[in-house]
Amino acid sequence: MKFTPIALSKRSMLASAAVLALVAPMTVQAQDAAEDETCIDEDADGDCDDVAGAVEQNAIVVSGTRIRTNEYDFANPVVAIDDTAIQNSGVTNLTDFLTEAPALTGSYTSNDGSGANAGIGGVGLNLLDLRNLGTQRTLLLIDGRRHVASVPGSSSVDTNTIPIDLIERVDIVTGGASAIYGADAVTGVVNFVTKRDFEGYTVRAQSGISEEGDGYTGFISATVGTNFAGGRGNIAANFEYGHDDNLLLSDRREFGPSFRSFYDNLDDQAAGDDPNVPDLILASDVNYLDSSPIGAIDVDGDFLPDFLGDGRPYIPGTFLGSFFESGGSGTPVSTYSGEILPKIDRYIGNLLFSYELTDSIRFFAEGKYARVDSESFGQPTFDFFIGVPTDNPFIPDNINDPAVNVFDGLGIVLVTGRDNLDLGRRGETNRRETYRGVAGIEADVTDTIRFDASYVYGQSDATVRQTNTRFNDRFYAALDAVDEGEFLTGTPNGNIVCRSNLTGDATSSNQNVTGAFFFDDFDQLSFTPGANSGCVPFNIFSNAQDPASLAFINTTAVDTSTVKQHVATAAFSGDFGDGFALWGDPIGFALGGEYRKEISESIPDPVNTTGLTFGNALFPETGSFDVYEGFVEVRVPIVQDRPGFYDLTANGAARVSEYSTVGTTFTYQGGLVYAPVPDFRIRGTYAQAVRAPNIGELFAPSNQTFAFIDDPCAFDNIDNGSATREANCTALLTNLGLTPAQIAGFTGDAGTSLPGLSTGNVDLSEETAKTITVGAIFQPSFIPGLVMSVDYYDVEIEDAISTPTANTLLELCVDADTLDNEFCDNIDRTPVGAGFDPNDAGVVRDFTLRPQNVAAFSTKGVDFSVRYRQATDNLGTFNFSVIGNHLIELKTQGTPGADIVESAGVRGSPEWQVNFDFNWTLDNFNLNYGINYWDETLRFARADIEADPDIVAPEYLKIDAKFVHDMQLRWTTDDDMSFYVGVNNIFDQEPDVGLTFYPVSALGRFFYAGVRISGDQLGF
């Protein structure tokens, strides 16, 4: 029989519908067959034909292969989530929904892209991460084709750009798929399959709000389509808008002053780290001990505050170690951190067109525009150890007294710390625009061979507005205020002005005593000192500022970036016919080539390249690469329909790639499916995948970065690492001039985030992954509607490209066999006598982060599922689904020979995850009840606990299990109008003690309601 492209498309949709009709409304193993009450065709007696048999005759393209086949002959595990499951969840953020799938638990969510959590340009992003092995190793596809990246320099795609109501299903292919799709598919593929040949209309609207009255979400979508030219053509359009409100941490009372978190136990330190006393204890009402929103002043030379900026005595709280105290006059930690959810607005438009040029040739085209606006605010700017000249008229008289202030001889009043909330919280207001176009043809070359060709162009433009950042030179010039009359004549006249306005020289305001800022380091300033500079004094001893001063100091830096993608693909696929077969169906094949070019350019605001702003000094990043690839895939039904060999099918694929950056790479995979009887199948795969370095990893310039340091050489960390850590730390600190007594009490605390550099590495090569999966499917014919599956996976990545964090860099330095290593070479510490504060001796003052092919990652686990569907005569239809994962290991090795870090069972990587869904349909009513569970996880890294078992009290070593219940009730009229209401997190589970977003969202119990209207004709 000859299948035209449109006929194939309709058969594909029919086969998919047959499979997904079995789906309980959460997830389904796409390749698991089962008999079902849903009919594809009815026989003369009105009985249903066997679905599996029907699908055998209706081959489709399964995610993870280019050969048309049915799902059940595919060896790779694939999890499919249909559009009904998404709508039944009540979630309008795709990543929030998909992270409930065990394989995607570690994805980058809105919380990661909010406030102080987000890196530069990261606000509002949602990125998928398979197996917790990195977003850069997860390939996102739309209908099997690549999508332009949303993050410059990477391949990561923001799921906010994907229209929810245009999705037919989401296929999650876990296992190396580079041989099929190319690089970036090291850990697998998430393929969004969209609706095709849509006819009629669908309109949906939904809104929701948390029990606390915040966290509002709104959603509206419309999809319309019609056939034309006698059914040969189809055109469809979709528009979607979604809104997510922001959530400020301090707006929730549970995260206010009463919020408890873990801090140093001073009783334990006084006892010399007693193993029977926990190192960390819970504390509330926590403040920073050395800073205040109006400044904290030290007058006795101990570098701890004695007064507030307004002259009131600084009341110390209970010391909690490092730079924290419980109670006291310092800045509350609860008011400092900013938002835990960003504001996001999504606007997405899609236009889909197809036309059957002949009975065997179909042309198609797609166009998409997506705009994602996001906004979030985090921490304010902050300053430490500012020397304010004593002629500053804002200094309170009781502080500016030579008899009180020991720094008077230096001509300064010392501000130990100030959190500049009066300057506004720093934040980002971002706009990301995505343009994507696809054009191609599908043609039947013969009755059994098909040709596909397509071209994809994508462009992602981002405008990142860094709000409430400041010009450092203007800030220090503005805080150096003088009385004009006193400065010029010695007689005060009450006119307070910037000193530089009178001198015409900003260096007169140089904070050279403390080194907080050096005007001499810059050839050009952001303003011209003098009478017309615009400088308006800033009162560092108050939080009531002149708006003109804020306008002079603050700025909005606007960074822009553009990512472009060109992908041209052509392939032949099909089978060789009955004349070329073994003892089963004809041998299938796919053969083709692909060309891809990726271009990325990031242009920082000129003010960010000067280094004069409070944020990171950034420089332009430009890079590109192209790759020519050839691929081949075969499917060989070896034996079928024989005793003991109901099916034995082998498949394999290979791809050779020629990169302009790393040269030639080769990937391959092979798989086998064996079914001795129709009820039972065994499957297995082996794959070798590669990932070439992305543009950012190769070509990133030396940009400034900041990090908070938890020094591995601190006395309370020195026994938490390798066997060589203590000796290496002792040698390192001794070489810097520290005495044994100083080393014994060394804390490594810098008191603030430290500046460093982050850069690319053009010498990177590709990383290699080896993946093994072995599984089985059981679908007993004596229990119709029951399907069970289990799959073991083992992934090992060698020569992995890894950029260590600052903390990891420090640990790799001192945990190595000797200090003579590449990690120590990228760290600079303060020698004795080189810092203004004697306590700075030994503290890290600079570091450089760069990617290297030195890491190794591995993970092992078991995926499992049980699904059962039962239709009754009077009680409706019941669907049950259990989808789960047991994580056996998740290991990281930072460099060859370094200690292996085991993260399975640690925060973010639960050992057990189970999703249970129950769905009941009776007449026009549908009830969906879901439970999302994962087990307890360790609060700290395993190595830290093993080295320091008393790190916290035993009852706090583990974080509570996640146990979230969701429910939705839907009523559908006979006219295809449905109304639904739901509640997520029914029992209002909260984040565990000391945490704000784990193991559950801080949003809490959430209510929503919606309406959906659809019809199969547009009416014109």
Side-chain angles (χ1 to χ4, degrees), residues 293-295 309 377 380-383 386-395 412-413 415 418-429 465-489 492-512 514 516-559 604-618:
I294 56 175
F377 294 91
T381 60
F382 49 85
D383 294 276
I386 301 174
V388 180
T390 52
D391 59 353
N392 187 305
F394 293 127
I395 302 174
I412 63 169
V413 167
V415 178
R418 190 179 196 274
D419 297 304
N420 305 314
L421 289 163
D422 48 2
L423 283 172
R425 293 182 181 275
R426 290 175 296 147
E428 282 188 1
T429 302
R465 300 174 62 86
Q466 300 171 36
T467 56
N468 288 337
T469 190
R470 78 177 191 207
F471 286 109
N472 288 328
D473 56 342
R474 297 188 183 200
F475 175 74
Y476 283 107
L479 69 83
D480 187 16
V482 294
D483 183 289
E484 178 189 37
E486 183 175 9
F487 182 82
L488 295 177
T489 67
N493 63 10
N495 183 26
I496 302 174
V497 297
C498 301
R499 187 191 305 269
S500 62
N501 287 0
L502 303 177
T503 64
D505 178 12
T507 58
S508 61
S509 298
N510 198 7
Q511 307 296 306
N512 56 1
T514 64
F517 183 81
F518 293 96
F519 285 90
D520 289 338
D521 289 344
F522 300 92
D523 295 330
Q524 186 173 352
L525 302 178
S526 68
F527 73 108
T528 302
N532 298 318
S533 71
C535 182
V536 178
F538 180 87
N539 184 357
I540 198 173
F541 305 99
S542 169
N543 56 15
Q545 304 299 337
D546 186 334
S549 179
L550 301 184
F552 174 71
I553 295 169
N554 277 345
T555 186
T556 296
V558 182
D559 301 336
D605 191 303
V607 303
N608 279 337
T609 64
T610 64
L612 286 170
T613 57
F614 186 85
N616 300 12
L618 304 175

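- How far CG of N392 is from CD1 of I496: 8.0 Å, rounded to the nearest 0.5 Å.
- Rounding to the nearest 0.5 Å places CG of D383 at 4.5 Å from CZ of F475.
- Every side chain to side chain contact (heavy atoms under 4.5 Å, CB included) that N543 has, sequence neighbours left out, goes to I294, D422.
- Residues satisfying the side chain to side chain contact (heavy atoms under 4.5 Å, CB included) criterion with T528, sequence neighbours excluded, are absent altogether.
- In this structure T429 satisfies the side chain to side chain donor-acceptor pair (under 3.5 Å) test together with E375, sequence neighbours excluded.
- Nearest heavy atom pair, residue P537 against residue A481, reads CB-CB, 3.9 Å.
- Here CG of D559 is found 5.0 Å from CG of N608. Values are rounded to the nearest 0.5 Å.
- A distance of 6.0 Å separates CZ in F519 from CG in D473, rounded to the nearest 0.5 Å.
- Interatomic distance, CG of L525 versus OH of Y476, reported as 14.0 Å (0.5 Å rounding).
- Of the possible polar contacts, none joining the N420 side chain to the P380 backbone as a donor-acceptor pair under 3.5 Å is found.
- The nearest pair of heavy atoms linking R418 to N539 is NH2-O, 3.9 Å.
- D419 meets the side chain to side chain donor-acceptor pair (under 3.5 Å) test with S291, T331; sequence neighbours excluded.
- Heavy atoms from other residues, nucleotides or ligands lying under 6.0 Å from CG of D521 number more than 12.
- To the nearest 0.5 Å, atom CG of residue D505 and atom CG of residue L502 are 12.0 Å apart.
- By the salt bridge (Lys or Arg N to Asp or Glu O under 4.0 Å) test, D483 pairs with no residue at all, sequence neighbours left out.
- Qualifying ring-ring contact (aromatic ring centres under 6.0 Å, His included) partners for F552, counting only residues two or more places apart in sequence or in other chains: F527.
- Within the 4.5 Å cutoff, no side-chain heavy atoms of T610 are placed close to those of F522.
- The salt bridge (Lys or Arg N to Asp or Glu O under 4.0 Å) check on R474 picks up nothing, with sequence neighbours excluded.
- In this view, T503 and S508 satisfy the side chain to side chain donor-acceptor pair (under 3.5 Å) rule, not counting sequence neighbours.
- Under the rule for a side chain to side chain contact (heavy atoms under 4.5 Å, CB included), the partners of V607 that lie at least two apart in sequence or sit in another chain are F471, A557, D605, T613.
- Residues T469 and N554 fail the side-chain proximity criterion, which asks for heavy atoms closer than 4.5 Å.
- Of all heavy-atom pairs between R426 and N468, the closest is CG-O, 3.3 Å.
- Residues satisfying the salt bridge (Lys or Arg N to Asp or Glu O under 4.0 Å) criterion with R499, sequence neighbours excluded, are D391, D480.
- Remark: L550 engages L423, F538, Q545 in a side chain to side chain contact (heavy atoms under 4.5 Å, CB included) (not counting sequence neighbours).
- In this structure, C535 and A478 approach most closely via the heavy-atom pair SG-CA, 3.7 Å.
- Contact record, G387 with P389: O-CD, 3.6 Å, taken as the closest heavy-atom pair.
- Put simply, the side chain of T467 never gets that close to the backbone of T556: no donor and acceptor are under 3.5 Å apart.
- Here F614 pairs with F382 under the ring-ring contact (aromatic ring centres under 6.0 Å, His included) rule; sequence neighbours left out.
- Scanning all heavy atoms of the two residues, the minimum distance from D546 to V536 falls at OD2-CG1, 3.7 Å.
- Contact annotation: the side chain of F541 approaches that of V388 to within less than 4.5 Å [non-hydrogen atoms, C-beta and beyond].
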